[in-house]
Amino acid sequence: MVNLRLGSIAPDFDADTTEGPIKFHQWAGDSWVMLFSHPGDFTPVCTTELADISHRLPQFVKRGVKIIGISADGLQTHHEWIEDIIEIGNKTAPTCVEYPIIADPERTISKLYDMLDEQDETNVDEEGLPYTIRTVFIIDPHKKIRTMLQYPASVGRDFDEVIRIIDALQISDKHKVMTPSSWKKGDDLIVHPSLSDEEARKLFPQFKTQLPYLRTTPLDVDK
């Protein structure tokens, strides 16, 4: 098993998905990717999460992010489960699952990405094989892992936070800035410490020095 860290190249793999077979790196292309795991099909928290992602898909598309899920069950149950996801999602807004879900009944990819649950003894299938925890990998166009989030099986993910992280990564890649605590798009940013005041003034004429090592600036990140 590969020891994955931030900056590691996301391992490539072949997989069967609800939208057909893929080679992961080829499928990802030059896009950002959110790969997120689910303990199993027909599980309550997962069903609400996939419905939520279906509603939020335009937000990810706007940011150039492809979505792909993975669950430790087979394709047939994935397709049956999607009907439930749509039913639950439709209670809030029109729902259509327009992203692939990987079938991983042998846990091949789950092991490759170290997603399996070693904490919750109830998070297993009928044969006693562990399901995955709720893992999120944010992968950039260079196939590098930029963020890893792990939630226990009992806790649903906060996708507002996932989108906030993607915004922060993309903005910091484009500009010489960092994001402060609880930053949201539109808030002031931190000028990167590697810039001198002279360099910072050229890029961010409105920057303010809060402390010798902390400079903040407004920035129209949508330009």
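For clarity, every value in this text was computed on a predicted model and none was experimentally measured. The chain is numbered in sequence order, starting from 1.
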A.B. asks: Of the non-hydrogen atoms in H55 and P94, which two are nearest, and what is the gap between them?
C.D. replies: CD2-O, 3.8 Å
A.B. asks: V136 vs I165, test: side-chain contact (heavy atoms from CB on, under 4.5 Å). Steps then yes/no.
C.D. replies: CA-CA 11 Å; V136 177; I165 291 170; over 6 Å; no
A.B. asks: Side chains of I86 and V97, heavy atoms from C-beta outward: is any pair under 4.5 Å?
C.D. replies: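 Yes; the side chains approach each other to less than 4.5 Å.
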A.B. asks: Are I53 and V155 connected, step by step, through hydrophobic side chains (Ile, Leu, Val, Met, Phe, Trp, Tyr) whose heavy atoms are closer than 4.5 Å?
C.D. replies: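 In one cluster with I53: V155, yes.
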A.B. asks: Spell out, as yes or no, whether a donor-acceptor pair under 3.5 Å connects the side chain of E98 to the backbone of L57.
C.D. replies: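 Checking the backbone N and O of L57 against the side chain of E98, no donor-acceptor pair under 3.5 Å is found.
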A.B. asks: Between R157 (side chain) and T135 (backbone), is there a donor-acceptor pair under 3.5 Å?
C.D. replies: yes
A.B. asks: State yes or no: do F204 and I190 share one hydrophobic cluster built from I, L, V, M, F, W and Y residues joined by side-chain heavy-atom distances below 4.5 Å, directly or via other members?
C.D. replies: no
A.B. asks: Please find the pair of heavy atoms, one from F24 and one from P11, that lie closest to each other, and give the distance.
C.D. replies: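 Shortest heavy-atom contact: CD2-O, 3.8 Å.
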A.B. asks: Between R107 (side chain only) and P105 (backbone N and O only), is there a donor and an acceptor less than 3.5 Å apart?
C.D. replies: yes
A.B. asks: Side-chain contact, heavy-atom cut-off 4.5 Å: L35 with I102?
C.D. replies: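 SC-SC contact between L35 and I102 confirmed.
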A.B. asks: Counting heavy atoms not belonging to D197, are there more than 12 under 6.0 Å from its CG?
C.D. replies: yes
A.B. asks: Taking atom CD of Q76 and atom OG1 of T18, what is their separation to the nearest 0.5 Å?
C.D. replies: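 Going from the CD atom of Q76 to the OG1 atom of T18 covers 12.0 Å.
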A.B. asks: So, the side chain of H38 versus the backbone of V45: is there a donor-acceptor pair under 3.5 Å, distance only?
C.D. replies: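 Between the backbone of V45 and the side chain of H38 there is no qualifying donor-acceptor contact (under 3.5 Å).
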A.B. asks: To the nearest 0.5 angstrom, please state how far the NZ atom of K91 sits from the OG1 atom of T48.
C.D. replies: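 Going from the NZ atom of K91 to the OG1 atom of T48 covers 13.5 Å.
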A.B. asks: Is it the case that one hydrophobic cluster holds both L112 and L6, taking links as side-chain heavy atoms less than 4.5 Å apart, direct or via other members?
C.D. replies: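 In one cluster with L112: L6, yes.
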A.B. asks: May I have the step-by-step check of side-chain contact (heavy atoms from CB on, under 4.5 Å) for E49 and Y151, ending in yes or no?
C.D. replies: CA-CA 12 Å; E49 288 185 324; Y151 291 66; over 6 Å; no
A.B. asks: Do R134 and F36 have side chains that approach each other closer than 4.5 Å (heavy atoms only, starting at C-beta)?
C.D. replies: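 Side-chain contact under 4.5 Å: no.
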A.B. asks: Does this structure show an ion pair linking K143 with D12, if we count only N-O contacts that are shorter than 4.0 Å?
C.D. replies: no
A.B. asks: Are any non-hydrogen side-chain atoms of W27 and T17 less than 4.5 angstrom apart?
C.D. replies: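 W27 vs T17: side chains apart.
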A.B. asks: Can you check whether L195 reaches R215 side chain to side chain, under 4.5 Å on heavy atoms?
C.D. replies: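 Yes, at least one pair of side-chain atoms sits under 4.5 Å.
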A.B. asks: Once you round to the nearest 0.5 Å, how far does CD1 of I145 lie from CD1 of I139?
C.D. replies: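 Interatomic distance, I145 CD1 to I139 CD1, rounded to 0.5 Å: 5.5 Å.
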A.B. asks: Kindly compute the distance separating CZ (F42) from CD (E83), expressed to the nearest 0.5 Å.
C.D. replies: 8.0 Å
A.B. asks: Taking transitive links into account, so neighbours of neighbours count too, which hydrophobic residues share a cluster with L75 at under 4.5 Å side-chain distance?
C.D. replies: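 Its cluster mates, by chain and number: none.
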A.B. asks: Hey, could you give me the NE2/CG distance between H78 and D104, rounded to the nearest 0.5 Å?
C.D. replies: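 The distance works out to 8.0 Å.
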A.B. asks: Are K174 and V221 close enough that some pair of their side-chain heavy atoms sits under 4.5 Å apart?
C.D. replies: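 No, their side chains stay 4.5 Å or more apart.
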A.B. asks: Name every donor-acceptor pair, under 3.5 Å, that has one atom in a side chain of residues 176-188 and the other anywhere in the protein, sequence neighbours excluded.
C.D. replies:
| residue | atom | partner | partner atom | Å |
| --- | --- | --- | --- | --- |
| W183 | NE1 | D187 | O | 3.3 |
| K185 | NZ | D222 | OD1 | 3.3 |
| D187 | OD2 | K184 | N | 3.0 |

A.B. asks: Minimum heavy-atom separation for S172 and L169, please, with both atom names.
C.D. replies: OG-O, 3.0 Å
A.B. asks: Check the pair H25 / I9 against side-chain contact (heavy atoms from CB on, under 4.5 Å), numbers first and verdict last.
C.D. replies: CA-CA 10 Å; H25 281 189; I9 297 297; 4.1 Å; yes
A.B. asks: State whether K202 and E199 are salt-bridged, where the test is any N-O pair (Lys NZ or Arg NE/NH1/NH2 against Asp/Glu carboxylate O) under 4.0 Å.
C.D. replies: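 Salt bridge flag = no for E199 with K202.
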A.B. asks: If hydrophobic clusters are built from ILVMFWY residues whose side chains come within less than 4.5 Å, do L214 and L189 share one?
C.D. replies: no
A.B. asks: Grouping I, L, V, M, F, W and Y whenever their side-chain heavy atoms are under 4.5 Å apart, do I88 and L50 come out in a common cluster?
C.D. replies: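 No, separate clusters.
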A.B. asks: As a quick check of understanding, evaluate side-chain contact (heavy atoms from CB on, under 4.5 Å) for Y113 and S37, giving each step before the final call.
C.D. replies: CA-CA 10 Å; Y113 277 76; S37 64; over 6 Å; no
A.B. asks: Using side-chain heavy atoms (C-beta onward) and a distance below 4.5 Å, is F137 in contact with M115?
C.D. replies: yes
A.B. asks: Can any side-chain N or O of R146 pair as donor or acceptor with the backbone N or O of W32 at less than 3.5 Å?
C.D. replies: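 Not confirmed, R146 side chain does not pair with W32 backbone.
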A.B. asks: Could you pull out the closest heavy-atom pair between D160 and R56, with the gap in Å?
C.D. replies: OD1-NH1, 2.8 Å
A.B. asks: Write down the atom of I67, the atom of Y99, and the distance for their closest heavy-atom approach.
C.D. replies: O-CB, 3.5 Å
A.B. asks: Please name the residue in the list T43, D41, T77 that meets the side chain to side chain donor-acceptor pair (under 3.5 Å) test with S71.
C.D. replies: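 Going through T43, D41, T77 one by one, the side chain to side chain donor-acceptor pair (under 3.5 Å) with S71 is satisfied by D41 alone.
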A.B. asks: Compare every heavy atom of K66 with every heavy atom of S31, then report the nearest pair and how far apart it is.
C.D. replies: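 Residues S31 and K66, closest heavy atoms: OG-CE, 3.7 Å.
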A.B. asks: Kindly say whether A51 contributes a backbone atom to a donor-acceptor pair with the side chain of T95 at under 3.5 angstrom?
C.D. replies: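 No.
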A.B. asks: Between E161 and R164, does the salt bridge (charged side-chain N to carboxylate O under 4.0 Å, His left out) criterion hold? Intermediate values first, please.
C.D. replies: CA-CA 5 Å; E161 171 63 4; R164 190 189 78 90; 2.8 Å; yes
A.B. asks: Are side-chain heavy atoms of F13 and T108 found at a separation under 4.5 Å?
C.D. replies: no
A.B. asks: Going from CG on D173 to CG on D140, what distance comes out if it is rounded to the nearest 0.5 angstrom?
C.D. replies: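 Rounded to the nearest 0.5 Å, the CG-CG separation comes out at 7.0 Å.
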A.B. asks: With a sphere of 6.0 Å drawn around CD of Q210, does it hold more than 12 non-hydrogen atoms of other residues, nucleotides or ligands?
C.D. replies: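 Yes.
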A.B. asks: May I ask you to decide if S194's main-chain N or O and H192's side chain share a donor-acceptor pair within less than 3.5 Å?
C.D. replies: yes
